[in-house]
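It should be emphasised that the depicted structure is a prediction, and the values quoted were computed from it without experimental measurement.
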Amino acid sequence: MIASTLAAGVVPSALATRAYAAGSDRIKIGLIGCGGRGTGAAAHSLSTGRDAVLWAMADAFPDRLRISHSSLMRGKAGKSNVEQGSGFGNAIDVPPERQYVGLDAYRKIIDSDVDLVILTGPPGYRPLHFEAAVNAGKHVFMEKPLASDAHGVRRILASGEKARQANLKVGVGLQRHHQDIYLEAMKRIHGGEIGRIVSMRCFWNTGFPAKTAMPREEMTELQYQVRNWYFFDWLSGDHICEQHIHNLDVCNWAFGDHPVRAEGMGGRQVRTDKKYGNIFDHHAVNYEYADGTILHSYCRQIPGCSKLVAEQIVGTQGVAELSTTRCALSSGDKTIWESPRRRGKDYQSPYQVEWNALMKAVVEDTPHHEVDYSASSTMTAILGRLATYSGKTVEWDEAMASEKVMTTDAESWDAPAPIQPLDDGSYAIAKPGETKVL
């Protein structure tokens, strides 16, 4: 796995952590990024059975914060253990003075007396937000991907090492690591039930994404891009990072390491309007691991096509077919193992289980650090994007060392956006064979 570039040193005194608020048994939570995923994460954080309160909220845009707060108050967010419509009672205590708006709103939450922060803003800002949270001694839950470029991955790793030294608990939203059927499948794969892995395939093939492009209206260029963050590679990393990271993460998990190089192709076949920013609508990547094992990776967002979100691990003695609804191992015509069907009370949402694990670690002060493998999987997705954008074979070590910075730490809407529109209002699209990515 990739190693942190942080030099060993003394942990700053500001990082001296506490389990939760001094003089109180209640864990105060701050939400940074009030979109659908952030709102769901907040709901799960309040549904662990621990004494927790949503204490502060922040978003770049006031309407997102308002909608999120209203949804949580009505109990309409997330697959929580709270009966829908009943709300969370006194588990939400976010008066107007603890509702922060703007690019600098994250600092106001981190500088407050919250104990744990949820980082669910655009991935391009994740390294900045995580760095600030760790430096302030806060426990963290952050969504994937962890960055949109290699510079951001290195920044995440450096902050992650600080968090480890300071005994801060860090959870990451790669929830398959907390799903029972994946855990059992991996136990069997790593136990040798399908033999040595010789090849892998993974897919995130769907229709249009759930995100909708918002009109420009009266916004600065930076506001427009952040509002439509999914469709700009510096903010989302492209959908190979935003969604397909889940499948790539599973393959790295099964193999026990990351690839060493990638070669691929991709483009914009259907989603070509300028309102879709500069990301592709399909990627196909061949990843190669150190021993020559190949991972064939496909992600596509084109309506009317076959849909599949799954992973296949091929071994010398069998095959593992994995998905969030069913996992199975087979050898020839023989089923070695198949996950049971679980419904109703038998089903435990991995989104909730990952939060149960994090909050247990906070309360009981046990180790919980999900940064390293998540950073490795983030970089795997970035590596694939670099290969599809350039049309070249890209080496892991070269990509990981890249000094190219795609993002901005700007906290003013008047700051320039990292990419600028062309004369017709569209954005330059990567051209394989011409675009230089390193």
Side-chain angles (χ1 to χ4, degrees), residues 1-9 123-131 134 142 144-165 172 174 232-238 240-242 244-245 248-249 251-252 255-266 278-280 283 285-295 297 369-409 418-419 430-438:
M1 302 299 285
I2 46 183
S4 171
T5 57
L6 181 70
Y125 284 102
R126 196 91 71 236
L128 171 67
H129 294 173
F130 183 49
E131 186 177 86
V134 170
M142 55 183 169
K144 52 71 207 163
L146 302 189
S148 59
D149 59 20
H151 176 265
V153 172
R154 295 197 303 271
R155 198 172 174 182
I156 286 283
L157 285 168
S159 297
E161 184 57 30
K162 284 186 179 180
R164 193 197 311 274
Q165 293 178 34
V172 177
L174 290 169
F232 292 91
D233 61 358
W234 73 271
L235 283 160
S236 69
D238 207 315
I240 191 173
C241 293
E242 238 298 303
H244 195 39
I245 182 178
L248 297 171
D249 173 65
C251 292
N252 282 352
F255 193 81
D257 206 346
H258 60 70
V260 297
R261 63 184 57 88
E263 183 272 332
M265 63 179 71
N278 72 335
I279 67 171
F280 283 4
H283 302 259
V285 183
N286 274 2
Y287 290 98
E288 183 179 346
Y289 290 79
D291 69 349
T293 298
I294 298 297
L295 162 61
S297 153
H369 190 81
E370 299 183 340
V371 175
D372 293 342
Y373 72 77
S374 302
S376 182
S377 294
T378 295
M379 190 62 210
T380 300
I382 292 170
L383 182 71
R385 187 194 70 227
L386 297 179
T388 60
Y389 278 14
S390 67
K392 308 290 187 183
T393 298
V394 182
E395 300 288 329
W396 175 280
D397 289 344
E398 184 182 14
M400 189 63 193
S402 173
E403 294 297 331
K404 184 173 182 179
V405 178
M406 296 173 57
T407 60
T408 177
D409 285 353
I419 64 172
K431 294 182 179 180
E434 297 182 16
T435 295
K436 296 186 182 301
V437 295
L438 297 176

Side chain proximity check, [X] to [Y], heavy atoms < 4.5 angstrom:
X    : Y    : answer
T407 : P418 : no
Y287 : S297 : yes
D238 : F232 : no
R385 : V437 : no
E242 : P145 : yes
F280 : D233 : no
H258 : M379 : no
E288 : P259 : no

Rounded to the nearest 0.5 Å, what separates atom CD1 in I156 from atom CZ in R126?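 Between I156 CD1 and R126 CZ, I get 7.5 Å after rounding to 0.5 Å.
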
What distance do K144 atom NZ and E370 atom CD have between them, rounded to the nearest 0.5 Å?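 The distance works out to 14.5 Å.
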
Applying salt bridge (charged side-chain N to carboxylate O under 4.0 Å, His left out) as the test, list every pair that has at least one member in residues 389-399; sequence neighbours left out.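 As it turns out, the salt bridge (charged side-chain N to carboxylate O under 4.0 Å, His left out) pairs with a partner in residues 389-399, which skip direct neighbours, are R261-E395.
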
Would you say S402 and H151 are linked by a side-chain donor-acceptor pair, where the criterion is simply a distance under 3.5 Å?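 No - no donor-acceptor pair under 3.5 Å links their side chains.
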
Taking atom types as modelled, is there a side-chain donor on T388 or H283 under 3.5 Å from an acceptor on the other?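 There is such a pair between these side chains.
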
Before accepting this row, confirm whether a basic side-chain N of the pair R155/D149 lies closer than 4.0 Å to the acidic partner's carboxylate O.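 A salt bridge is absent here (no side-chain N lies under 4.0 Å from a carboxylate O).
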
Could you tell me whether R164 and D372 make a salt bridge, using a distance below 4.0 angstrom between a side-chain N and a carboxylate O?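 Counted as a salt bridge, because a side-chain N and a carboxylate O are separated by less than 4.0 Å.
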
Should N252 and Y289 be marked as a side chain to side chain donor-acceptor pair (under 3.5 Å) after you check the CA-CA gap, both sets of side-chain angles, and the distance that decides it? CA-CA 9 Å; N252 282 352; Y289 290 79; 2.7 Å; yes

Look at the aromatic rings of W234 and Y125 and report parallel, tilted or perpendicular, splitting at 30° and 60°.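 Answer is perpendicular, since the angle exceeds 60°.
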
Apply side-chain contact (heavy atoms from CB on, under 4.5 Å) to N286 and L295, showing your working. CA-CA 6 Å; N286 274 2; L295 162 61; over 6 Å; no

Please say which of T380, T378, I240, I382 ends up in a side chain to side chain contact (heavy atoms under 4.5 Å, CB included) with I245.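 Exactly one option meets the side chain to side chain contact (heavy atoms under 4.5 Å, CB included) with I245, and it is T378.
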
